[in-house]
Student: 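Once you've had a glance at the structure underneath, I'll fire off some questions.
Numbering of ligands and ligand atoms starts at 1, following listing order. Side-chain atoms are counted along with the backbone in the values below, which use heavy atoms only and exclude waters and symmetry mates.
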Amino acid sequence: MIILVMNAGSSSLKYQLYDMHDESVIAKGRVERIGLDSSIITHEPAGKPEVRHVSEILDHITGVKRVIELLTHPEYGVLKSMDEIKAVGHRVVHGGESFKHSTLVDANVKLEIRKLFDLAPLHNPPAMMGINAVETNMPDVPQTVVFDTAFHQTMPQETFLYPIPMVLYKRHKIRRYGFHGTSHDYVSRQAAEKLGKPLESLKMITCHIGNGASCTAILHGKSYDTSMGLTPLEGLMMGTRSGDLDPAIVPFTMNKEDLTLNEVNSMLNKHSGLQAISGLSSDMREITESMEEGNKQAKLAFDMYMHRVKKYIGAYAAAMNGVDALVFTAGVGENSVITRQTVCEGITFLGIELDRARNEERSKDARLISTDESRVAVLVVPTNEELLIARDTYHILMQQAEDRNIVEVEA
Ligand SMILES: Nc1ncnc2c1ncn2[C@@H]1O[C@H](COP(=O)(O)OP(=O)(O)O)[C@@H](O)[C@H]1O
Ligand SMILES: CC(=O)OP(=O)(O)O
Ligand SMILES: [Mg+2]
């Protein structure tokens, strides 16, 4: 069965085409700068050279059309016809309390996702554009949605509620939801497998640190607490997001700087974090390079980032009354040797003993980077949100086929 996975951003569209017989990736790529002057498509068909096109792509509908053209192109394509695609799975960041599991898209599901636009303004609207674009270009193909929030629906009330009037939760569902759930779920299972231990027997902390960043306390296989909250703004310091701060800063800044709510919101989401402190970049690669060249602002940004990662790991070890495994994943977690070293060597009191040589190895596979004697196992696990989306989509389709058979037999 061939499944297309889509991860739509505000100005981008990433895709991966899977053959579910062996979970191999037949093609993948991304459309960038949608709606801007020159859009770029990078298409990587397995076993064929990469293709890069620059053209004008004004919206996601055109973006999906271009992806279809590339997938079926006589030279760069990997499919004879789009009929070979049996389903399309989408990453949707916010599923609120309505969605505890991945599901098939129908009119009701679309309505519920639309209701959550306010809570994930950077993420949910583009996902909906992706769904509509597939509907327009491939009207007969079933679509599924896989939510970042679903994995965290196991959080108990004491971790998901804010200590504010309950009426706000009852009326508006103001609570902590957590994000990157597909990634935390995937890497925790991979880590347990690598350790040869049942996930249910472990207390684990997973650090998904990429452009967005979050830490999760996974108690016996279930999300117990996570650092992002109502929106993906809470928690760790990120590329351009502030993470935790005193909420009083919002009215205070509005007053002192004569800013509107929208302007403060944009400041905290798009002009804070590494970018704001370093004055250089939101990219950890540039931060560490400049820091090594002696740039003091870059060093401060790095130190603040590390401080917060260590603080969350300490907090979650306390909240679970222990930790057996610590996992690093996503862009920074998978690639930044210095980040992992600084974090691990700053929290040795937990029983963490980093093996520097293992930490410096480069590999695409899940691997241990602590010593064999370390009381807490530390691992690097490359995340693969797309594979999990493809698997969920496959299972939903198989279940649907089974349900249909039962109905037919009973009839
Ligand atoms: N070698 C590296 N060293 C340090 N940071 C890196 C490296 N490679 C990637 N990154 C960081 O990873 C970030 C992207 O992470 P990623 O998980 O791909 O983000 P997203 O999926 O949210 O776009 C980049 O902004 C960059 O800061
Ligand atoms: C939820 C979130 O922050 O996602 P991303 O890291 O892709 O921005
Ligand atoms: Mg990501």
Student: State, without any angle test, whether Thr393 and Thr144 hold a side-chain donor-acceptor pair at a distance under 3.5 Å.
Tutor: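 Thr144 and Thr393 do have a side-chain donor-acceptor pair below 3.5 Å.
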Student: Salt-bridged, Asp365 to Arg367, with N to O below 4.0 Å?
Tutor: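 Salt bridge between Asp365 and Arg367, a charged N being under 4.0 Å from a carboxylate O: no.
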Student: So, regarding Met284 and ligand 1 (criterion: nitrogen or oxygen to nitrogen or oxygen, under 3.5 Å), is there a contact or not?
Tutor: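 N/O-N/O distance under 3.5 Å: yes.
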Student: Can you find an N or O of Gly210 that's nearer than 3.5 Å to an N or O of ligand 1?
Tutor: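 Between Gly210 and ligand 1 (N or O atoms, distance only) the closest approach is not under 3.5 Å.
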Student: Any carboxylate oxygen within less than 4.0 angstrom of a Lys/Arg side-chain nitrogen, looking at Glu75 and Lys48?
Tutor: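 Result for this pair is no, no salt bridge flagged.
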Student: Yes or no on side chain to side chain contact (heavy atoms under 4.5 Å, CB included) for Val141 and Leu4, after CA distance, side-chain angles and deciding distance?
Tutor: CA-CA 10 Å; Val141 178; Leu4 178 63; over 6 Å; no
Student: Hey, does the side chain of Glu334 reach the backbone of Thr383 with a donor-acceptor pair shorter than 3.5 angstrom?
Tutor: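 At least one qualifying donor-acceptor pair exists.
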Student: Looking at Glu385 and Lys14, does any basic side-chain N land under 4.0 Å from a carboxylate oxygen?
Tutor: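 No salt bridge links Glu385 with Lys14.
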Student: Mind checking whether Phe99 and Phe147 have parallel, tilted or perpendicular rings, split at 30° and 60°?
Tutor: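 The rings of Phe99 and Phe147 lie parallel, inter-plane angle below 30°.
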Student: Could you pull out the closest heavy-atom pair between Ala276 and His271, with the gap in Å?
Tutor: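 Here Ala276 and His271 meet closest at CB-O, 3.4 Å.
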Student: May I ask which of His180, Met238, His94, Met228 has a heavy atom nearer to atom 2 (C) of ligand 2 than the others do?
Tutor: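 Heavy atom nearest to atom 2 (C) of ligand 2 belongs to His180.
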Student: Heavy atom to atom 23 (O) of ligand 1, shortest distance: which of Asn211, Val337, Ile287 holds it?
Tutor: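 Ranked by closest heavy atom to atom 23 (O) of ligand 1, first place is Asn211.
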Student: Please state which option from Thr383, Asn335, Thr288, Thr329 has its nearest heavy atom closest to atom 1 (N) of ligand 1.
Tutor: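 It is Asn335 whose heavy atom sits nearest to atom 1 (N) of ligand 1.
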Student: Counting from 1, what ligand 1 atoms have a heavy atom of Ala330 closer than 4.0 Å?
Tutor: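 Result: 17 (O).
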Student: What atoms of ligand 2 come closer than 4.0 angstrom to any heavy atom of His123?
Tutor: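 Counting atoms of ligand 2 from 1, those under 4.0 Å from His123 are 2 (C), 4 (O), 5 (P), 8 (O).
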Student: Can you tell me if Ser188 uses its side chain to pair, donor with acceptor, with the backbone of Asp185 under 3.5 Å?
Tutor: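 Yes; judged by distance alone, with no hydrogens or angles, the pair exists.
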Student: Using a strict 4.0 Å cut-off to heavy atoms of Asp148, name the atoms of ligand 2 that fall inside it.
Tutor: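 Result: 1 (C).
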Student: To which of Ser336, Gly331, Gly239 does the heavy atom nearest atom 16 (P) of ligand 1 belong?
Tutor: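 Heavy atom nearest to atom 16 (P) of ligand 1 belongs to Gly331.
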Student: Give the single entry among Arg241, Glu385, Arg91 that approaches atom 7 (O) of ligand 2 most closely by any heavy atom.
Tutor: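 Checking each option, the heavy atom nearest atom 7 (O) of ligand 2 is found in Arg91.
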Student: Looking only at distances, please establish whether an N/O atom of ligand 1 is found under 3.5 Å from an N/O atom of Asp283.
Tutor: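 Among all N and O atoms of Asp283, at least one is under 3.5 Å from an N or O of ligand 1.
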Student: N/O of His208 under 3.5 Å from N/O of ligand 2, yes or no?
Tutor: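 It does not: no N or O of His208 is found under 3.5 Å from an N or O of ligand 2.
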Student: Within a distance under 4.0 Å of any heavy atom of Val332, pick out the atoms of ligand 1 and give their elements.
Tutor: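 So the answer, numbered in order with elements, is 11 (C), 12 (O).
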Student: For ligand 2, which atoms have a heavy atom of Phe179 less than 4.0 angstrom away?
Tutor: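 That gives atoms 1 (C) of ligand 2.
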Student: Taking the six-membered ring for Trp and the full ring for Phe, Tyr or His, determine whether the centres of Phe117 and His94 are under 6.0 Å apart.
Tutor: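 Between Phe117 and His94, the centre distance exceeds or equals 6.0 Å.
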Student: Counting only nitrogen or oxygen atoms and a 3.5 angstrom limit, does Gly212 reach ligand 2?
Tutor: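 Between Gly212 and ligand 2 (N or O atoms, distance only) the closest approach is under 3.5 Å.
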